[in-house]
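Just so we're on the same page: letters track the sequence lines, and every chain starts at 1.
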2 protein chains.
Amino acid sequence: MKISTKGRYALRMMIELAQNHNVGFMTLKEIAQKQNISKKYLEQIIPVLNRNNFLIATRGFQGGYKLAKEPCEYTVGQILRLTEGNLAPVSCLECTPNTCPRANECPTLFLWEGLYKVVNEYLDSITLEDLVQRQKDHLCNDYII
Amino acid sequence: MKISTKGRYALRMMIELAQNHNVGFMTLKEIAQKQNISKKYLEQIIPVLNRNNFLIATRGFQGGYKLAKEPCEYTVGQILRLTEGNLAPVSCLECTPNTCPRANECPTLFLWEGLYKVVNEYLDSITLEDLVQRQKDHLCNDYII
DNA sequence: TAAAAACCTACTAAAATTATAAGAAATATA
DNA sequence: TATATTTCTTATAATTTTAGTAGGTTTTTA
């Protein structure tokens, strides 16, 4: 019942890009350094976000990545569903309609459906902007204290 | 973000035992046959439930297992937390208080804490009795149709 | 005392996770 | 145009987790 590094790192990249939104393009090297994550590994994760038009990428010298939309337009759910594959707690929920021959008699199906729903709803209730804003507030608090 | 077979099988065992509550002891052989799960694998899972007093076990001839309490007294959350280890979506939530040195600046900590909370609350809102009752209702519907 | 049951520990195969490595393709600037 | 820099692509590998098997020990009742 864990979120893998793939999803977590993707989220951290998106937060890093959100923090630097409107500053221009960030290279993967920069992102990797700031977040202290292997650049090589991020190279494998970021194309998923890019292919799905979450990012704008330019290659070559002075290239890099930036968010395709405003931070408030990305939910955590969108990012994690993409990078984790999906957020289904059991694999029989992955295809809709459910193809399991025992779905009609399954005593736990509604349980997993309900869990799936609360997870998605919660993660879709939080945007990148929320995460960035919260960190700003927090850093501010540190100063006051 | 998946529940493993360990947790799912444990839940199915508990449902089987709940359905046969007050009928006496059930052997693991019976449970395994009815649920179509390897008995050898269940032998590895059931001691966790037993050690934590979820079950009453008797050894030897005519022995077996039965629920230690009424089905309504077990939540799905209790069963899954035990058999899955815990339900934390990220490992840094596993120890309280949080020992991560970066916890104060972590922009995603509150996100994971919130997810952890909705998952636990949802799974603790459903009892074994709910699951058994729902299946009864459903089987009844099948007759009507 | 024999059968049947829970209990215990070690082992193993397969899959997923978490990366590394090596290079190809594209592009801005000198 | 050459070069450095960057994204992009594919292959490989180590480690960990998952999902079981196997073989035997202990307990209990008939």
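The shortest heavy-atom contact between B/Trp112 and B/Leu93 is O-CD1, 3.5 Å.
Here A/Glu121 pairs with A/Lys117 in a salt bridge; the nearest charged N to carboxylate O distance falls below 4.0 Å.
One can find a donor-acceptor pair under 3.5 Å joining the base of D/dT26 and the side-chain atoms of B/Arg59. Contact of B/Lys6 with D/dG20 (side chain to base): no donor-acceptor pair of N or O atoms is detected under 3.5 Å. Judged by atom type and distance alone, B/Glu43 reaches the base of C/dC7 through a side-chain donor-acceptor pair under 3.5 Å. Interface remark: the A/Gln44 side chain does form a donor-acceptor pair with the C/dT20 base, using a distance-only criterion of under 3.5 Å.
Rounded to an integer number of Å, the gap from CD of A/Glu30 to P of D/dT6 is 9 Å. When rounded to the nearest whole Å, the span between CD1 of B/Ile46 and C1' of D/dG20 equals 17 Å. At whole-Å resolution of the value, CZ in A/Arg8 and P in C/dT17 are 12 Å apart. Atom pair B/Ile45:CD1 and D/dA19:C1' shows a separation of 9 Å (rounding to whole Å applied). Distance B/Tyr65 OH to D/dT28 C1': 14 Å, rounded to the nearest Å. If you take CD1 of B/Ile56 and P of C/dA5, they are 19 Å apart, rounded to a whole angstrom. Atoms CG (A/Leu42) and P (D/dT9) sit 16 Å apart, rounded to a whole Å. Rounded to whole Å, atom P of D/dA22 lies 13 Å from atom NZ of B/Lys39.
Of all nucleotides listed (C/dG23, D/dG23, D/dT28), C/dG23 comes nearest to the side chain of A/Lys40. The side chain of B/Ala57 approaches C/dC7 more closely than any other nucleotide in the set D/dT7, C/dA5, C/dC7. You'll find that the side chain of A/Gln62 is closest to C/dA28, out of C/dA28, C/dA6, C/dT20.
Nucleic acid contact for A/Leu28: sugar-phosphate only, since backbone atoms but no base atoms lie under 4.0 Å from a heavy atom of the residue.
Across the interface with DNA chain C, nearest-nucleotide mapping of A/Phe61 and A/Thr5 shows A/Thr5 to be the residue nearer the 5′ end. Mapped onto DNA chain D by nearest heavy atom, B/Ile3 and A/Lys29 fall at different nucleotides, with A/Lys29 at the one closer to the 5' end. Comparing B/Met1 and B/Met26, the nucleotide of DNA chain C nearest to each residue sits closer to the 5' end for B/Met26.
Connection of B/Val132 to A/Phe110 is established within a shared hydrophobic cluster, with ILVMFWY side chains joined at heavy-atom distances below 4.5 Å, either directly or through further cluster members. Side-chain heavy atoms closer than 4.5 Å link hydrophobic residues (I, L, V, M, F, W, Y) into clusters, and following such links, possibly through other members, connects A/Ile3 to A/Tyr41.
Of the candidates B/Leu131, B/Leu55, B/Thr83, B/Leu55 is the only one forming a side chain to side chain contact (heavy atoms under 4.5 Å, CB included) with B/Met14. Among A/Lys66, A/Glu16, A/Gln19, the one residue that satisfies the side chain to side chain contact (heavy atoms under 4.5 Å, CB included) test with A/Met26 is A/Glu16.
One finds a side-chain N or O of B/Tyr9 lying less than 4.0 angstrom from the OP1 or OP2 phosphate oxygen of D/dG20. Checking the phosphate oxygens (OP1, OP2) of D/dA13, no side-chain nitrogen or oxygen of A/Tyr41 falls inside 4.0 Å. Here A/Asn50 reaches the OP1 or OP2 of D/dC8: one of its side-chain N or O atoms lies under 4.0 Å away. Dashed line: the shortest gap from a side-chain N or O of A/Ser38 to OP1 or OP2 of C/dT20 is under 4.0 Å.
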